[in-house]
Amino acid sequence: MRVLLIHSDYIKYKVKNKTPIAEEIDEAKKDGFFEESLIVFTAVEKEDEKNPELIIKNLVEEVKKTNNQVKAENIILYPYAHLSSSLSSPKIAIKILKGVETAINEEGNDVFRVPFGWYKSFEISCKGHPLSELSRTITADEIEEDNSESLKSDWYILNDSKLSETSEFDYNGSNLEKLVYHELGEGESDGGEPPHVKLMREKEICDYELASDIGNLKWYPKGRIIRDLLADYVYDLVSNQGAMPIETPIFYDLDNDSIREHAAKFGERQYRTDTKKNLMLRFACCFGAFRVMEESFLTWRNLPAKLYELSTYSFRFEKRGEVVGLKRLRGFTMPDMHSFCTDLDQSLEEFEKQVDMCIQTGIDLNVDYEIIFRATKDFYDKYKEWMYKIAKKINKPLLFEILPERKHYWTCKIDFAAIDYLGRPIENPTVQIDVESGKRFNITYLGEDEKEHHPVILHCSPTGSVERVICSLLEKTAIELEDKAPMLPTWLSPIQARVLTVGEKHVEYGKELVEKLSSQNIRADLDDRDESVGKKIRNASTEWIPYIFVVGDNEIESNKFQVTVRETGEKIDMNIDELIEKLNYDNKNMPFRKLTLPQNISKRINFQ
RNA sequence: GCCUUAGUGGCUCAGCUGGUAGAGCGCUACCUUGGUAAGGUAGAAGUCGGGGGUUCGAAUCCCCCCUAAGGCUCCA
């Protein structure tokens, strides 16, 4: 069905001659005048005959949506055959129009249906604001999506190759229980603000930017270096797996069929722009990677081939009430690796390696994950044993979902979630088997059989979004607050060691030490301010600095310092070389970047 | 997006039934020349989220909007 919506000051019509298909009408309907109206010009098409009910439903939805915005007093249904060259039979058309009239009426709106099948004169005054002229194509294809949404999954706990009912499993107070309750929608929330929101601002990591859209953050130098280090970390990780880094645009053209189809799954979450071209901001790196491979010449010898991109940024138009701190954003940074595999068997092998990689990130970042393993019924029936084998790697019970049929592009998927202070999951790493996109994006490779095939594609984010990683780390400090002083891992700490001077005459010596630390790839700084030692120590601890020590006359004399180690709370006597050794041990095998702030605290900006 | 609550110097907050603003931290200056979680004194800094309304008079009452938190819903 083709529709033209006009928001008008008034419309006036008068019937003239009958056509052979004219409906019988009362005298009263032979002319009409309506002010403040939303006029819905409609052409019912052949295609619509298959499912008139759904067409009615979808049109009513569309009219309601538009009228919620323009708030017209009347809705006028105006049959207008000229919008289409493939018209339905008049009988169906009248049936649909009457159905729409009734439905809108039932919604409590004033609706008037202009007679069908007559030649009419009409006069209309279009208001001319941006929403006053809209054209729409109403289709019946939403029904499939609606249906599949409502098909229920089966949920189990998988432990030791055994499936148990989620309600019967003995969780023993573990985090898995929290995940299950939340995932199955039974979770009662204690409420309260997630601690990371306060922390991210207090520690000058990042903050809301009110001059942007909601869910788009600004990052201070301390936050920026944490982001960069995490990015370096993932880069190293995927490079070791043989992934090739690429960079692709953040805007995509919705007039491209494959992009539109892929994006359609995203519905209202699309972040759109108001430009001439019909552009959408990417919600992940998929489009970019697929386009690179679509245009590449691939043979079976090239596969599996992996492309990696850190999407700074990806965008999702999350609903206003869902956007929170670092947990749910509209603009976020997603490490995204796509593996192009010859067939499902090859993708299973890769999947396994990538699960190992996800597990490794939990170890490296010291974050505990709970796991949800999902598959369609078909996949599960065929690859049950393989799935159990993967689950064994996790080495603890996990939540298991079996979907009755494929709803999205994947057939099998594993999600790793950290649990926040309030017991709610933060979805982080994921691996997914995509069996649709190869075809949709026309990605082909030349097989060993000398024929063209579509690859199976794995989507993998080994850590989940950078923002959510930081979120998990901050939430963890709040969870552990009773047992240990809050801090980030040393390798991620924006400042790793601080030298505090007792008096002005110790500044030069302190500076030498800081230089020495810096030359050994340690982010060190100097509190050279004219403040009491007590105050400097207090400041250093509010900044979560892993190693601090004071230098005064005694230290200049002995070249030894009492270093306060935040992690353990110990005070250890050591010289500078011993401290360097300890820090280098903490940072071992982890990325390093230089200090992002002035070395002297007296020169530092207070960003808040 | 819906419901509830909130928005006061850079930060954290006080300000009763309407009479046009306060504290602590931070910042600046001076004093102190220091020894392991806040040394002292003084000063600067606010269109009370924005817009409209009621009133002689609005941070305070009413309406609309923006932003945040919580809940609902949702998350490839």
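Below, read A as the first sequence line, B as the second, and so on, with proteins coming before strands; counting in each chain starts at 1. Everything numeric in this text was worked out from a predicted model, so none of it was measured.
The side chain of A:Val324 has B:rA69 as its nearest neighbour among B:rA69, B:rC74, B:rC75.
One finds no salt bridge joining A:Asp207 and A:Lys218 here, because no Lys/Arg side-chain nitrogen approaches an Asp/Glu carboxylate oxygen to under 4.0 Å. A salt bridge links A:Arg498 with A:Glu543; the closest basic N to acidic carboxylate O contact falls under 4.0 Å.
Nearest approach of A:Glu183 to A:Glu427, heavy atoms of both residues: OE1-OE2, 4.2 Å.
Look at A:Tyr208 and you won't find any side-chain N or O under 4.0 angstrom from OP1 or OP2 of B:rG7. Between A:Arg424 and B:rG71 there is a side-chain polar atom (N or O) within less than 4.0 angstrom of OP1 or OP2.
Side chain A:Arg320 to base B:rC2: no donor-acceptor pair is found below 3.5 Å. With hydrogens and angles left out, the side chain of A:Arg269 and the base of B:rC74 share a donor-acceptor pair within 3.5 Å.
Heavy-atom distances under 4.0 Å link RNA chain B to A:Arg468 of residues 460-480 of chain A, given in residue order.
Evaluation of the ring-ring contact (aromatic ring centres under 6.0 Å, His included) rule for A:Phe287 yields A:Tyr252, A:His262, A:Phe283 as partners, not counting sequence neighbours. In this structure A:Phe607 satisfies the ring-ring contact (aromatic ring centres under 6.0 Å, His included) test together with A:Tyr220, sequence neighbours excluded. Shown here are the ring-ring contact (aromatic ring centres under 6.0 Å, His included) partners of A:Tyr313, two or more places apart in sequence or in another chain: there are none.
When rounded to the nearest whole Å, the span between CD of A:Glu543 and C1' of B:rC11 equals 15 Å. If you take CE of A:Met200 and P of B:rC11, they are 14 Å apart, rounded to a whole angstrom. Summarising the geometry, the separation between CD on A:Glu204 and P on B:rU12 is reported as 12 Å, rounded to the nearest angstrom. What separates CD of A:Glu61 from P of B:rG1 is a distance of 17 Å, to the nearest Å. If you measure from atom OH of A:Tyr220 to atom P of B:rG10, you get 13 Å, rounded to the nearest angstrom.
Evaluated for a side chain to side chain contact (heavy atoms under 4.5 Å, CB included) with A:Ile371, the options A:Ile359, A:Val355, A:Ile414 yield exactly one hit, A:Ile414.
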Handout entry: Per-nucleotide protein contact string for nucleotides 28-38 of chain B (B base, S sugar-phosphate only, - none; heavy atom under 4.0 Å)
Key = ----B-BBBBB
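Counting any heavy atom pair closer than 4.0 Å across all strands shown, A:Ile214 reaches sugar-phosphate atoms only and no base atom. Within the 4.0 angstrom heavy-atom criterion, no nucleotide atom of any strand lies near A:Phe607. Within 4.0 Å (heavy atoms only), A:Gly569 reaches no atom of the nucleic acid at all. Residue contacts for A:Arg328: at a heavy-atom cut-off of 4.0 Å it reaches a base atom on one of the strands shown. Residue A:Glu202 is classed as having no contact, given no heavy-atom separation below 4.0 Å to the nucleic acid. As judged by a 4.0 angstrom heavy-atom cut-off over every strand, A:Pro194 is placed among residues touching the sugar-phosphate backbone only.
Among residues at least two apart or in separate chains, salt bridge (Lys or Arg N to Asp or Glu O under 4.0 Å) pairs with a member in residues 558-567 of chain A are A:Lys484-A:Glu567.
Comparing the C1' positions of B:rC56 and B:rC65 gives a spacing of 29 Å, expressed to the nearest Å. Taking atom C1' in both B:rA44 and B:rC30, the straight-line distance is 15 Å, to the nearest Å. B:rC61 sits 27 Å from B:rG24 when the P atoms are compared, rounded to a whole Å.
The main-chain N or O of A:Ile419 is never found under 3.5 Å from a side-chain atom of A:Tyr369 such that the two would form a donor-acceptor pair.
Cation-pi check for A:Arg291 over A:Phe441 is not met; the charged atom does not lie both under 6.0 angstrom from the ring centroid and within 45 degrees of its normal.
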